[in-house]
Amino acid sequence: MRLSRELTHLAQCLATVAGLPGPGWPTKRDIRWKRWLQLVEEHQLGALLSGRWSADWNLPPDVESQLQERYVRAGNAAAVQTIEFLRTLRALNGVAEAVVLKGAALVPVLYREAAERSMWDIDLLFRSPEDQEKARALLEQRGCRARRNLRGHHHLPALVNPVNKMAFELHLNLVTPPLAQGFMDEIWQKRRRIEQAPVPNFYVLDDAALLAHQCIHALNDPIESPLLRSLFEIAWLASRLDAAGQTALKDLAARWGIGTIVGRGLWLAADVFGSPTLLERPPCGAYEFWSRARLGWCDYRTPWQKWRRHVAAAHVVHMLEGASDRNVLTPLGIAVRDTWNAVRARVVQRFSRSEAPPRRGSMPSAVLGDTILLFDERSGETHLLNRLAAKVWQATDGQLSADGIAELLESEGVSSADTRKALRALIVKGILEA
Amino acid sequence: MTQPTRTWQLGPGFFVSAPDGTPLSAAADVVFGRMLAAQPPPEGALCVHLDARRAGAGWQLYADSVPIVRACADNNLAPVVEGTMVACAARTRSDCVAFHAGCVEIAGRGVLLLGEKGSGKSTLTLALALQGGRYLGDEVVFVRLDDRRIEAFPKAAALKEESFALFGEAPTWYSPLRGALRYYQPPDTAPLFHSIPKADLIVVPRYRPSGELAVTELARHETALMLVQQCFGGLGRNPQALEIIAGLSKAPAHLVEYSAAQDAAAAVLRLCNEVKS
């Protein structure tokens with residue numbers, strides 16, 4: 001696989017952590033460190049790299065200190081995450097039996113400490129819908145609230161603790177569309193307990209199933225899963241799998257028809273880190289092409305931009321693979337709607353004087369004398385409206401047209417041109433609906 | 001035989017314990033000495049047991065037997081305990097909004113000190129506390145949602161090397177982020193949960209190595225934006241934070257640019273008197 005020199009260097013650093021061959025150090029040493037750090041951020045690797053730093057990596061001192069900063073912050077967060085995670089497992093003990101998945105399961109298996117692997121989302125697998133419901137009731141009783149509705153998904157909508165922001169995803173299956181119940185029964189029976197855990201009910205999947213799930217998860221989660229870290233974890237798990245585990249993985253793949261999806265993860269990881277492939281190489285498809293491209297995506301201006309890029313690409317790939325449950329025209333429809341909205345916001349508004357621009361919902365506000373402070377819950381941005389913008393915003397009740405607002409504010413000494421300019425600015429910023 | 005433990009209370013239902021007589025408990029005492037629990041944690045309280053085990057030249061910190069993070073050297077232990085436990089204290093409270101700020105009570109008036117990292121906030125907070133102010137905290141200040149009162153979090157003030165000469169000798173610790181550090185606990189420190197009705201004055205300190213003292217009045221929106229920036233976990237954590245910020249920003253606020261902490265403290269005391277009159 002051809003990787004940029006920044007990705008090659010980063011992958012080689014990771015390979016040394018896990019004792020893997022890796023892609024080798026890049027031949028050209030002129031690493032763009034800013035981009036290297038963007039990749040570290042994108043793939044959430046800063047704390048791990050800082051914790052395992054080696055002089056062989058030849059990091060410039062300022063890059064080292066930035067990694068150290070990430071490690072300290074990760075350590076502070078890890079304490080909160082671990083305490084909340086253990087508190088939840090303790091509360092579930094005797095109520096509902098669960099198997100811990102993903103990051104929280106990988107911490108005791110692969111990592112030296114919690115700081116090396118952040119886990120704001122805790123994924124728990126349940127055997128039955130009854131146990132899943134009991135867990136949901138318990139978390140809701142403790143103040144957790146569902147983030148958004150998910151229809152027909154393999155886990156319930158994430159339940160978020162509003163105080164510490166930890167999210168809990170309660171699974172009945174590992175993926176959508178679901179894997180066979182026989183497979184789920186089998187991996188449940190083979191689950192193992194983390195012996196050194198301070199709670200008696202800390203169970204994870206056995207080594208073969210853990211690796212299989214990591215492969216499935218790495219390529220199916222288009223955004224939240226940082227791909228390079230996921231591939232690294234696949235490579236690390238694969239390299240640790242003993243002969244019995246390898247046989248068990250091959251057996252699982254053959255009997256339950258998951259060879260392609262697991263093989264994809266293993267081969268992509270092997271391409272980057274030189275780890276064991278274990279299964280036969282699956283036919284190369286859109287998935288592989290997309291995943292290779294995704295590894296280098298890191299320079300987003302906003303999380304929204306990142307989300308759209310990943311989701312759009314994932315959607316196209318799913319369609320090409322024939323695995324999309326959505327209409328073929330959906331992405332086209334989204335693109336047309338977005339373009340229309342952009343045109344309306346920037347151009348049409350200048351000519352359309354009869355429309356009544358409404359305020360957007362979910363924007364708590366506080367009046368500070370002449371100015372207004374707004375918080376956009378969707379983007380997490382805070383806006384401070386100056387005197388003119390505040391007047392315009394207060395006048396936009398969804399009833400008055402742009403002309404009406406201009407007329408109203410003209411009586412308060414604001415020129416019509418200034419009002420329209422402010423209206424446009426508020427629409428462009430997403431504070432008013434176009 | 002069970003090893004005796006030492007327990008600190010960091011929130012209404014949040015306790016931290018560590019084996020007594022160890023470097024870990026000594027480090028925790030340096031930071032949270034005034035928050036030592038008078039009573040054992042009540043039934044149902046969240047009590048996290050910390051432990052530290054040797055890891056090379058440093059220590060591996062454990063919370064409830066789970067390895068969390070490493071202190072790179074002996075003198076890094078107190079900053080690590082401080083960072084992890086302050087984060088937990090701020091993230092376990094749903095009854096208030098937490099701000100990254102210092103707070104002192106001067107003659108019955110609440111002074112809130114807001115500032116970026118390295119702005120000299122802790123230095124000025126401590127200087128004010130040593131000139132007759134009562135110390136409520138230098139890192140985290142809680143504003144309660146129900147009665148809007150400002151609540152003390154009286155951990156020791158952490159000062160960076162530039163301020164060592166001002167406050168006398170104390171053991172020196174080290175943080176990779178903040179460099180050399182010393183912890184000072186002012187004699188007049190408010191107990192945990194002590195609260196004051198409101199901020200009567202907001203001070204935004206800005207340390208500069210040289211230059212005259214300059215005090216500039218801040219507009220309400222500037223204060224509000226500063227409060228937004230210093231709100232723990234951002235506004236997304238609690239939409240009511242915006243109301244709290246709107247309330248706090250009504251207080252008179254000043255940017256205090258200083259090179260000598262004593263001068264800045266004197267200026268803040270003057271401002272405080274003006275508020276009083």
Side-chain angles (χ1 to χ4, degrees), chain A residues 47 50-51 64-65 67-69 71-87 90 107-108 111-116 143 161-166 194 196-199 202 362-377 379-382 384-386, chain B residues 14 16 46 48-50 55 60-72 76 79-95 175-178 219-225 227-229 231 233-247 249-250:
Chain A
S50 175
E64 261 180 62
S65 67
L67 291 183
Q68 270 189 338
E69 185 173 336
Y71 179 75
V72 172
R73 292 191 196 293
N76 296 347
V80 179
Q81 293 162 356
T82 305
I83 289 166
E84 178 66 9
F85 168 58
L86 293 177
R87 197 156 73 119
R90 275 194 196 100
V107 168
Y111 292 92
R112 207 156 55 183
E113 58 193 3
E116 289 187 341
N161 181 323
V163 181
N164 57 32
K165 293 289 173 196
M166 293 277 289
I194 298 292
Q196 70 273 27
V199 285
F202 189 166
S362 69
M363 274 199 158
S365 62
V367 178
L368 311 169
D370 288 347
T371 59
I372 289 179
L373 199 59
L374 287 177
F375 176 61
D376 186 345
E377 288 181 327
S379 68
E381 287 176 326
T382 305
L384 178 71
L385 306 189
N386 65 17
Chain B
F14 178 44
V16 173
L46 173 61
V48 177
H49 184 71
L50 295 182
Q60 176 76 58
L61 185 72
Y62 290 75
D64 287 342
S65 310
V66 175
I68 301 291
V69 66
R70 263 159 302 126
C72 57
N76 181 220
V80 167
V81 172
E82 180 195 11
T84 51
M85 291 303 109
V86 168
C88 289
R91 284 182 183 269
T92 47
R93 296 204 55 177
S94 57
D95 60 334
S175 154
L177 283 192
R178 297 180 283 172
R220 189 172 171 197
H221 69 268
E222 291 175 302
T223 314
L225 283 181
L227 285 160
V228 169
Q229 282 168 3
C231 181
L235 298 182
R237 195 175 143 196
N238 190 337
Q240 275 180 280
L242 205 59
E243 290 168 37
I244 299 278
I245 286 170
S249 66
K250 284 180 189 165

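Proteins get letters first, then strands, A, B, ... in listed order; numbering begins at 1 in each. These figures come from a predicted structure and were not determined experimentally.
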Step by step, would you call B/Cys88 with A/Ile83 a side-chain contact (heavy atoms from CB on, under 4.5 Å)?
CA-CA 8 Å; B/Cys88 289; A/Ile83 289 166; 3.5 Å; yes
Could you tell me which portion of B/Thr223 (side chain, backbone, both or neither) has an atom closer than 4.5 angstrom to a non-hydrogen atom of chain A?
neither
Any idea which of A/Ala74, A/Pro162, A/Ala197, A/Ser65 has the most non-hydrogen atom pairs under 4.5 angstrom with chain B?
A/Pro162
With only heavy atoms counted, which part of B/Leu225 is less than 4.5 Å from chain A, the side chain, the backbone, both or neither?
side chain
Options A/Gly51, A/Ala47, A/Gly143, ranked by heavy-atom pairs under 4.5 Å with chain B, top entry:
A/Gly51
What part of B/Gln60 gets closer than 4.5 Å to chain A, counting heavy atoms only: side chain, backbone, both or neither?
side chain
Using atom types as modelled and distance alone, determine if a side-chain donor or acceptor of A/Thr82 lies under 3.5 Å from a backbone N or O of A/Ala79.
no
Residue pairs involving residues 72-84 of chain A (criterion salt bridge (charged side-chain N to carboxylate O under 4.0 Å, His left out); sequence neighbours excluded):
A/Glu69-A/Arg73, A/Glu84-A/Arg87, A/Glu84-A/Arg142
Under 4.5 Å heavy-atom distance to chain A, tell me which part of B/Asp64 shows up: side chain, backbone, both or neither.
both
Interface moiety of B/Ile245 toward chain A, non-hydrogen atoms closer than 4.5 Å
side chain
Proximal component of B/Leu46, with respect to chain A [non-hydrogen, under 4.5 Å]:
side chain
Given 3.5 Å as the limit, does a donor-acceptor pair link the side chain of B/Glu222 with the main chain of B/Ala219, or not?
yes
Short side-chain to backbone donor-acceptor contact, B/Ser249 and B/Ala246, under 3.5 Å:
yes
Applying side-chain contact (heavy atoms from CB on, under 4.5 Å) to B/Phe14 and B/Arg93, what does each step give before you reach the verdict?
CA-CA 9 Å; B/Phe14 178 44; B/Arg93 296 204 55 177; over 6 Å; no
Highest number of heavy-atom pairs under 4.5 Å with chain B: which of A/Arg112, A/Met166, A/Glu116?
A/Arg112
Heavy-atom pairs under 4.5 Å with chain B are the metric here; pick the option from A/Asn161, A/Val72, A/Val107, A/Val199 that has the most.
A/Val72
State which residues pass side chain to side chain contact (heavy atoms under 4.5 Å, CB included) with A/Thr382; sequence neighbours excluded, sorted by chain then number.
A/Leu373, A/Phe375, B/Val228, B/Leu235
